[in-house]
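Only one structure is covered here, and it is reproduced in the block below.
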Number of protein chains: 2
Amino acid sequence: MELDARKETILDAIIQTYLKTGEPVGSRTISKYTDLNLSSATIRNEMSDLEEMGYIIQPHTSAGRIPTDRAYRLYVDRLVVKKTEQVTAMNSLMIAKTSRMEEVLKQVVRLLASNTNYTAMLSAPSYKGNKVKFIQLSKLNPRQLLNVVVIEGNIVKNHIIDLKDDITEEQVLKLNLLLNTRFNGLTLSEINLGLISNVKEEAGSHSEIVSEVLDTIAEVIRAETDEDMKIYTSGANNIFKYPELSDSERASRLISTLEEKDVLQDFVKASDESGSGIQVYIGEESPVESMKDCSVVTATYELGDGLQGTIGIIGPKRMDYERVMDSLKTVRASLNEVFGLPENRQIPGKNEESEA
Amino acid sequence: MELDARKETILDAIIQTYLKTGEPVGSRTISKYTDLNLSSATIRNEMSDLEEMGYIIQPHTSAGRIPTDRAYRLYVDRLVVKKTEQVTAMNSLMIAKTSRMEEVLKQVVRLLASNTNYTAMLSAPSYKGNKVKFIQLSKLNPRQLLNVVVIEGNIVKNHIIDLKDDITEEQVLKLNLLLNTRFNGLTLSEINLGLISNVKEEAGSHSEIVSEVLDTIAEVIRAETDEDMKIYTSGANNIFKYPELSDSERASRLISTLEEKDVLQDFVKASDESGSGIQVYIGEESPVESMKDCSVVTATYELGDGLQGTIGIIGPKRMDYERVMDSLKTVRASLNEVFGLPENRQIPGKNEESEA
DNA sequence: GTTAGCACTCCATAGAAAAGAGTGCTAATA
DNA sequence: TATTAGCACTCTTTTCTATGGAGTGCTAAC
């Protein structure tokens, strides 16, 4: 059987109605509120076909029909084609003035949630380059050193090193020189065992300080690369606005995932791989078990220089895909604007904060 | 009317039974499962008295009684007296080996939640001293400086300063000397306008760098003092285990507060003021609106040197107060153990991380 | 002071009945 | 041949009623 124009119109009507109401929609509704001028009986016949084709199902005999994942998929694919690049300006972003990166991101995700009435997530931008830029040891007191490591993208990490023996300013100076000349400009993979043992030898009695510095480097790079990257969420309570998600069972599982955050990484990773497009996961398509009853829409934002993160919306399958995608695009644009677009990448971001 | 021994026994039995079942408890239950050997009729008379005294209420005529906030309060106060300091060892804390402070705290709060089956919160330790310990400017490139500020308690904050004009190593050196000699050892209140304009004058053309450094100082102190301090929560999904909290309305509000976190500050503040004891908020006593149907138990932990934070449990009013208080005590003890007890305060904590 | 007994209240549960929504099928129609 | 009207049928939802049970309060007896 083929999905002809009329079937498509009807399917579309069903989807849209269901998006609004969340209730199964019957033939009569479609017949009345479409300009097809067909009787409910005809619609019924078509619906029967559509059901056979797998686009809609009945929750039970003698209920209306609801769209299947497949229908949503069709609908979304069509949307993507239709709306080319019409980014509507979200006027009141209001985030320009907040100075701290982390605060801004929290704001953004909150905004996204309250704007869409769904749950929002945002992964902090992480740097893909990972070259060591600058290492500094400073003496706090004879038995304590402050170690600061800066990697490209101006991610800063500090660490306090406790010493067994006293150390002099001069020794600290030497160590600084040594570390910077040998490690600066290198990536994680370039700092190999040979180099490490070399440097340790040169450091002589202070080799264990070198070890600690390397730990810090490893840590910041690891933190930036995977697992541990920051994810913010907001609007978890919005799931209670959609009855189909708010029974104890489901709600509990969802809340739990949102709280744990680590599985949300899956979206970030998938989003990274897919390039900078907008990604839509409908029901079973989701990589996250507890969201098989939801739809998730994600987008990648880029801050120039390979610094990138992911924003996403989690809602019921009957979410307003159009509005959600628009919101994501707008927010992505705003993030670019605030933190430096590709255009002005020459002037570094006004103020990039250290990692959390 | 007076709360004599018998009334008390009965009230206690009512509370305990209700804690277990969550259902209103009737006179017959008490008569059977207490060793008072009184008939249900007698119990009924006493219950009638207890109701008059405000310790129990009937949800409706011809239901059993449930304890009021007042009854819980009595019960808890009694508990505190009874259990002096019998800290039961929680064997499997398993946190000793994780090196990063933040990770440990997240672990701890997760543990607390899963151990108690309630929702847990934890505020990261914050320092009460707030003296500047060390300031460092380092040149990243001719137009960028890295500014690191360390305050007592080894809280580290960094910030990147963008410059209008190039700067030389020598100028950086001079600025470092100036800043450290003038600001080190001072508290926020000691850094006043007079001093600031003095230093700015001495800094000459680089006075705006001084401003930025001061901003960083202000920020770290502000972050440590109030508003913005880190709070971790875990086990939000546990509220679904208690029917009296898991209707959409209530659950939504609770989840929302837990997510926003900022109002949870109220508990931290209150806890700070109350000293290091254990604090119990029953229903209406809670400073947080959305938790009027819950009980909240908090405890302050101290890491020596004035570094302190709060741990807390949020659950239904019929929570197992005894176990919760024990858990809190145990966790508090463990935190001390891991991060350095008062005893070994000479040897600073193995590894205190920078603020998030 | 304690208890047995009883009438009474209220809630929870189950079932039956009614109402409603929607379908599928058939036969008539354009 | 495609469309439609009509109707029987199915299944859910809602409403109502009846019934049982839990628990109380009161009274009278011990």
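We name chains A, B, ... by the order of the sequence lines, and we start the count at 1 in each one.
Atom-to-atom, CG of Asp49(B) to C1' of dT2(C) comes out at 14 Å; the value is rounded to the nearest Å. Remark: C1' of dG1(C) and CD1 of Ile10(B) are 13 Å apart, rounded to the nearest angstrom. Nucleotide dG22(C) holds its P atom 16 Å from the CD1 atom of Ile57(A), rounded to whole Å. In this structure, the CD atom of Glu23(B) is 11 Å from the C1' atom of dA12(C), given to the nearest Å. Asn37(A) places its CG atom 9 Å from the P atom of dT4(D), with the value rounded to the nearest Å.
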| note | Given protein heavy atoms under 4.0 Å, the one-letter contact record of nucleotides 13-30 of chain D, with B base, S sugar-phosphate only and - none, is simply ---------BBBB-----

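Under the 3.5 Å distance criterion, with hydrogens and angles disregarded, a donor-acceptor pair is assigned to the side chains of Ser39(A) and Thr42(A).
Within the structure, every side-chain polar atom (N or O) of Arg6(A) is placed at least 4.0 Å from both OP1 and OP2 of dA2(D). In terms of phosphate contacts, Thr42(B) brings no side-chain nitrogen or oxygen within less than 4.0 Å of OP1 or OP2 of dT2(C).
Using a cut-off of 4.0 Å between Lys/Arg side-chain N and Asp/Glu carboxylate O, Glu260(A) and Arg110(B) are scored as salt-bridged. The residues Asp247(B) and Arg250(B) are annotated as salt-bridged, a charged nitrogen and a carboxylate oxygen being separated by less than 4.0 angstrom. Ion pairing between Glu289(B) and Arg253(B) fails under the 4.0 Å rule for side-chain N and carboxylate O. Checked for salt-bridge contact, Arg73(B) and Asp77(B) meet the test: a charged N lies under 4.0 Å from a carboxylate O.
Residue Asp4(B) qualifies as enclosed at atom CG: its count of foreign heavy atoms under 6.0 Å is above 12.
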